[in-house]
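Structure, as structure tokens:
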Amino acid sequence: MYDNRPADVAVRYRVSNIGERVAILPATCKVGTHSLARVGYLAQASEHEGVVRVSCNACNENVDVDHFWALTLVGAPPARVELDDAPYADVVPVMVDPRGRVARLP
């Protein structure tokens, strides 16, 4: 399901009102068409690789679509994870097509 493509951006974090570190993951699929809360997603973190991959269940059905965010992990593991697009509003995702080309969305 995953490969060693370049990361899109680092995971965004916030500190809760009780001092917990919270990781914020994008709430919309990488293509921009699906709400991850609505269609479902899989988030897999690899401390060894230093990355978390967030895969859209709806996009995962189409092998011609780059269906997951690759986000670099920073610091200690968070206490919780939340979905929110706002911290990623400035991010232009790195898209990989099935033929191996890497491009950034406009």
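Quick caveat, the model's predicted, so the values are computed rather than measured.
- Summarising the geometry of Val31 relative to Cys59, their closest heavy-atom pair is CG2-SG, 4.2 Å, with the distance given to 0.1 Å.
- Between Phe68 and Ser55, the closest heavy-atom pair is CB-CA, 3.6 Å.
- Atom CG of Asn57 is separated from atom SG of Cys29 by 11.0 Å, given to the nearest 0.5 angstrom.
- Looking at every heavy atom in both residues, Pro93 comes nearest to Val91 through CD-O, 3.6 Å.
- Nearest approach of Val94 to Ala7, heavy atoms of both residues: CG2-O, 4.0 Å.
- Between Leu71 atom CG and Tyr88 atom OH the span is 5.0 Å, to the nearest 0.5 Å.
- The side-chain contact (heavy atoms from CB on, under 4.5 Å) test applied to Ala27 returns Leu83, Asp85, not counting sequence neighbours.
- In this structure the side chain of Thr72 never reaches within 4.5 angstrom of the side chain of Val9, judged on heavy atoms.
- Counting only heavy atoms from C-beta outward, the side chains of Pro26 and Trp69 approach each other to under 4.5 Å.
- The OH atom of Tyr41 sits 6.5 Å away from atom CG of Leu25, with the distance rounded to the nearest 0.5 Å.
- The hydrophobic cluster containing Val51 does not contain Val74, counting ILVMFWY residues as joined when their side-chain heavy atoms lie under 4.5 angstrom apart, directly or transitively.
- The side chain to side chain donor-acceptor pair (under 3.5 Å) contacts involving residues 15-25 comprise Glu20-Arg80, where partners must be two or more places apart or lie in separate chains.
- Proximity of Leu36 to Arg38: side-chain heavy atoms (C-beta onward) are nowhere separated by under 4.5 Å.
- Taking Asp90 as the reference, Arg12 meet the side chain to side chain donor-acceptor pair (under 3.5 Å) condition, with sequence neighbours excluded.
- Taking CG of Asp8 as the start and NZ of Lys30 as the end, the distance is 3.5 Å to the nearest 0.5 Å.
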